[in-house]
Asker: 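Here you go, one structure.
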2 protein chains.
Amino acid sequence: MNGQIFSALAEPNRLDIIDLLLKGALPVGDIAKKLDLNQPQTSKHLRVLCDAGLVEVQPIANRRIYKIRPEPFHELDRWLDSYRRLWEDRMDRLDDYLNVLQGKKPLN
Amino acid sequence: MNGQIFSALAEPNRLDIIDLLLKGALPVGDIAKKLDLNQPQTSKHLRVLCDAGLVEVQPIANRRIYKIRPEPFHELDRWLDSYRRLWEDRMDRLDDYLNVLQGKKPLN
DNA sequence: TTTGAATATTCCTTTACAGGAATATTCCTT
DNA sequence: AAGGAATATTCCTGTAAAGGAATATTCAAA
């Protein structure tokens, strides 16, 4: 799992941007307006999201239209998958650890 | 979507801790050993994960066994859900925006 | 009740990063 | 070519957060 994705989404405004772009691609100005952000900070946030691979740009005339890239979300989904399986399989091996404490099993 | 979850997972060592705990609950010492971290930093990271609701503690004698809490992961899953639907439904409304540019549709 | 193991906390320093303001860039329009 | 709109970048400053080292806390065992 690529931690850069989490870093990018950790910033509240960037998470808002992603949630906004989920509804459709938008140019910088619209994003800034809708989220009540200054244009420069919006561009900076979009840069980070771009570097993390979460969004991509499509220049149209003067504007730069930003849209979400699905890949990182699929990666997130796959990561959650491994979590789901382990969870259903009783992933909290607390009982196992209790055995360890009682010397019934070695600690690797 | 709670951004605190992303903040907590944004730190590489903390993501490692989560991935480790996915395989089973562990006390602080074992986590530190397996990830080659100092004990104090490990405790600090676990504190952050705890505050974010990603893990919980169960004290056993001297040790404090940390295990993953499923709720935040379900929340993440639900968040990804809304993303999935929109994506299948052609969420990149680039065409729509092109119409906007041509003055065929007002910009909300 | 002292000792030691396991863990948490505090203090300090350094670094990363977000926001503001100003400026640069790009590209359309005239 | 000049002007203006949309966007990106730079510089600066403040703040949050991570790591190291030292110390405090908790609890079991003798």
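Quick note on labels: first sequence line is chain A, next is B, and so on, each numbered from 1.
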Asker: Does dC27(C) pair with anything, Watson-Crick or G-U wobble, both distances under 3.5 Å, and if so, with which nucleotide?
Answerer: dG4(D)
Asker: Roughly how many Å is it from CD in Q58(A) to P in dT7(D), rounded to a whole number?
Answerer: 14 Å
Asker: With rounding to the nearest 0.5 Å, note down the distance linking CD1 in I31(B) to NE2 in H45(B).
Answerer: 11.5 Å
Asker: Would you call R84(A) and D77(A) a salt bridge, taking side-chain N to carboxylate O under 4.0 Å as the test?
Answerer: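 A salt bridge links R84(A) with D77(A).
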Asker: Just do the salt bridge (Lys or Arg N to Asp or Glu O under 4.0 Å) check on K34(A) and D30(A) with the steps written out, would you?
Answerer: CA-CA 6 Å; K34(A) 292 216 181 195; D30(A) 288 15; over 6 Å; no
Asker: Calculate the interatomic distance between D30(B) atom CG and dA5(C) atom P; express it in whole Å.
Answerer: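 About 16 Å, once rounded to whole Å.
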Asker: Which whole-number value in Å describes the distance from R64(B) CZ to dA24(D) C1'?
Answerer: 14 Å
Asker: Send over the distance from N13(A) CG to dA18(C) C1', rounded to a whole Å.
Answerer: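 For the pair N13(A) CG and dA18(C) C1', the rounded distance is 9 Å.
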Asker: Indicate, with a heavy-atom threshold strictly under 4.0 Å, whether P40(B) touches base, sugar-phosphate, or nothing.
Answerer: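 P40(B): base contact, heavy atoms under 4.0 Å.
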Asker: Decide if the gap between the ring center of W79(A) and the ring center of F6(A) is smaller than 6.0 angstrom.
Answerer: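 Yes.
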Asker: Which of these nucleotides, dG19(C), dG19(D), dT26(C), is closest to any side-chain atom of N62(A)?
Answerer: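 So the side chain of N62(A) is nearest to dT26(C).
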Asker: According to a strict under-4.0 Å criterion, is H45(B) in side-chain N/O contact with OP1 or OP2 of dG19(D)?
Answerer: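 For H45(B), the contact criterion (side-chain N or O under 4.0 Å from OP1 or OP2 of dG19(D)) is met.
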Asker: Ignoring hydrogens and angles, does a donor from either the side chain of Q39(A) or the base of dA8(D) sit under 3.5 Å from an acceptor on the other?
Answerer: yes
Asker: Given atom CG of D16(A) and atom P of dG19(C), what is their separation to the nearest angstrom?
Answerer: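 Distance, rounded to whole Å: 11 Å.
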Asker: Rounded to whole Å, how long is the line connecting atom CZ of R14(B) with atom P of dG19(D)?
Answerer: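 The answer, rounded to whole Å, is 8 Å.
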Asker: Mark yes or no for whether R69(A), through its side chain, and G53(A), through its backbone, hold a donor-acceptor pair below 3.5 Å.
Answerer: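 Present.
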Asker: Using atom CG of N38(A) as one end and atom C1' of dT9(D) as the other, report the distance to the nearest whole Å.
Answerer: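 Distance, rounded to whole Å: 15 Å.
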Asker: Would you kindly give the CG-to-C1' distance between L49(B) and dA8(C), to the nearest whole Å?
Answerer: 15 Å
Asker: Below 3.5 Å, does any donor atom in the side chain of K44(B) face an acceptor in the base of dT10(C), or the other way round?
Answerer: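 Flag set: donor-acceptor pair detected.
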Asker: Starting at the 5' end of DNA chain D and moving along, which residue's nearest nucleotide shows up first, V28(A) or L37(B)?
Answerer: V28(A)
Asker: R47(B) side chain N/O closer than 4.0 Å to the phosphate oxygens (OP1, OP2) of dT9(C)?
Answerer: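 So the side-chain polar atoms of R47(B) do come within 4.0 Å of the phosphate oxygens OP1 or OP2 of dT9(C), strictly under.
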Asker: Within less than 4.0 Å of OP1 or OP2 of dA8(D), is there a side-chain N or O belonging to Y66(A)?
Answerer: yes
